S.K.: 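This is the structure I want to talk about, given as structure tokens.
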Amino acid sequence: MSVRDDCPGNAVNRPADDTRGRLYARVDLWPVCGSLAVLDEAFNAEWMAMSGAAPSTPSRSVVLVGLMGAGKSNIGRRLANRLHLPFVDADSEIEAAAGTTIEEIFERHGEAYFRDGERRVIARLLDGPVHVLATGGGAFMDAQTRARIRQRGISVWLRADIELLLARVARRDNRPLLKDGDRRAILTELIEKRHPIYAEADIVVDSIDGPPELTLNRLISELQRFRANEPPIVPDASTSRAAE
Ligand code: S3P
């Protein structure tokens, strides 16, 4: 596929008064269109989406965190697809490991038991091959899980406001934490408690009320920006000795 034909900087694809369009409309920039990460992250992601070019695959798992209804599974699945990585949903893995639903685990054994299983399952997943992982809303609140994610992955907080969360959680009624009581009050309390912790994530992306591709493109460009600024991986002493 010719870059020139697909480059959104092409005057056919961009209004003339668009700054990014003008920039990319410069013929001498066309050959690098899509790789100018530093110049314009969002545009770069947009161009890649249009042209079918894939962003480079990260060397660590990408871990989505955030409240119930933030869109972690939906965006995570799309992100995995774009990055050509497997997608794993931590809640589904917990259910598979327990042989029952999260609802039932909460009912029969209580939240502490669920959290223990959640911590172990996520640790196992992070020890495996690189993938995109959607975690349950409470997972990142666990200090051990947070440390593990920091060590093995790149964390992304999908931030959403209360109205969006309420609209999204209304689609399912099997979330144990939302069963007893007023959803708005419960989510407001969780926002107060959890948002300061989610804010420790490597990347923060607003989950918007609109086409998921918009949130996804934003996420991909933030991910590229984060990776561009990451210090190179220095092998630790034991690894270097083993290699000698
Ligand atoms: C929970 C969120 C749920 C699930 C469990 C507890 C939470 O996952 O792990 O019901 O503590 O916020 P989702 O965030 O995928 O709904």
Side-chain angles (χ1 to χ4, degrees), residues 61-81 86-126 131-149 153 155-201 203-209 212 215-216 219:
S61 291
V62 181
V63 184
L64 300 176
V65 307
L67 278 172
M68 298 171 268
K72 294 164 294 195
S73 300
N74 184 346
I75 298 294
R77 208 166 270 121
R78 292 165 190 271
L79 177 66
N81 194 25
F87 170 74
V88 182
D89 186 292
D91 283 349
S92 307
E93 290 291 317
I94 296 165
E95 292 187 327
T100 183
T101 63
I102 289 180
E103 228 180 335
E104 266 191 47
I105 302 175
F106 266 76
E107 254 171 48
R108 285 205 208 142
H109 306 284
E111 183 171 347
Y113 181 91
F114 168 77
R115 297 296 174 200
D116 191 46
E118 182 176 50
R119 185 184 313 113
R120 283 184 286 116
V121 166
I122 291 177
R124 166 174 59 79
L125 292 170
L126 289 171
H131 60 284
V132 174
L133 178 65
T135 62
F140 202 62
M141 299 303 291
D142 181 275
Q144 278 181 47
T145 299
R146 260 197 326 278
R148 196 89 172 199
I149 293 173
S155 50
V156 180
W157 171 24
L158 267 191
R159 182 172 57 188
D161 65 29
I162 181 82
E163 302 305 332
L164 187 56
L165 294 172
L166 277 168
R168 296 236 186 97
V169 297
R171 297 177 195 158
R172 259 173 57 191
D173 69 348
N174 60 350
R175 290 185 169 98
L177 295 187
L178 298 179
K179 277 191 175 287
D180 305 314
D182 177 64
R183 288 181 168 185
R184 181 180 289 274
I186 296 170
L187 280 170
T188 303
E189 199 178 310
L190 287 175
I191 285 173
E192 271 170 34
K193 219 189 277 173
R194 292 181 177 180
H195 275 199
I197 305 291
Y198 293 150
E200 292 179 23
I203 296 169
V204 181
V205 174
D206 283 315
S207 179
I208 61 152
D209 188 9
T215 301
L216 178 66
L219 198 170

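As the structure lists them, so they are numbered: ligands from 1, and atoms in each ligand from 1. Since the model is a prediction, treat every value here as computed from it, not as a measurement.
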S.K.: Tell me the closest heavy-atom pair linking Arg148 and Leu126, and the distance in Å.
M.R.: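 Here Arg148 and Leu126 meet closest at CG-CD1, 3.7 Å.
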S.K.: Heavy-atom contact check, 4.0 Å cutoff: does Arg194 meet ligand 1?
M.R.: yes
S.K.: Check contact between Arg115 and ligand 1, using heavy atoms of the residue and a distance below 4.0 angstrom.
M.R.: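 Within the 4.0 Å threshold, so yes.
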S.K.: Got a sec, which residues hit side-chain hydrogen bond (donor to acceptor under 3.5 Å, both in side chains) with Gln144, two or more places apart in sequence or on another chain?
M.R.: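 Listed in chain order: nothing, the list is empty.
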S.K.: Among all protein heavy atoms, pick out the one at the shortest distance from atom 16 (O) of ligand 1; state its residue, atom name and that distance to 0.1 Å.
M.R.: Arg175 NE, 2.7 Å
S.K.: What protein heavy atom sits nearest atom 14 (O) of ligand 1, and how far away is it?
M.R.: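 Going atom by atom, the protein heavy atom closest to atom 14 (O) of ligand 1 ends up being Lys72 NZ, 2.5 Å.
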S.K.: Any salt bridge between Glu189 and Arg194, counting N to O under 4.0 Å?
M.R.: no
S.K.: Does ligand 1 have a heavy atom under 4.0 Å from the side chain of Met68, from its backbone, from both, or from neither?
M.R.: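 Contact part for Met68 vs ligand 1: both backbone and side chain.
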S.K.: How far is atom 10 (O) of ligand 1 from its nearest protein heavy atom, and which residue and atom name does that atom have?
M.R.: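 Nearest protein contact, heavy atoms only, for atom 10 (O) of ligand 1 is Pro176 CD, 3.4 Å.
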S.K.: Identify, for atom 4 (C) of ligand 1, the protein heavy atom at the shortest distance, and state residue, atom and that distance.
M.R.: Asp91 OD2, 3.3 Å
S.K.: Give a yes or no on whether Asp180 atom CG has more than 12 heavy-atom contacts from other residues, nucleotides or ligands under 6.0 Å away.
M.R.: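 Open.
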S.K.: Pair up each side-chain donor or acceptor in residues 74-81 with any protein partner under 3.5 Å, not counting sequence neighbours, and list the distances.
M.R.:
unit_1	atom_1	unit_2	atom_2	d
Asn74	OD1	Arg78	NE	2.7
Arg78	NH1	Glu213	OE2	3.2

S.K.: For ligand 1, note which part of Leu177 has a heavy atom under 4.0 Å away: side chain, backbone, both or neither.
M.R.: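 For Leu177, the contact with ligand 1 is made by the side chain alone.
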S.K.: Look at atom 1 (C) of ligand 1 and say which protein heavy atom is nearest, naming residue and atom and giving the distance to 0.1 Å.
M.R.: Gly137 N, 3.9 Å
S.K.: Does Val169 offer a backbone N or O that forms a donor-acceptor pair with the side chain of Arg183 under 3.5 Å?
M.R.: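 Present.
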S.K.: Using 30° and 60° as the class limits, which term best fits the ring planes of Tyr198 and His195: parallel, tilted or perpendicular?
M.R.: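 The rings of Tyr198 and His195 sit tilted, inter-plane angle from 30° to 60°.
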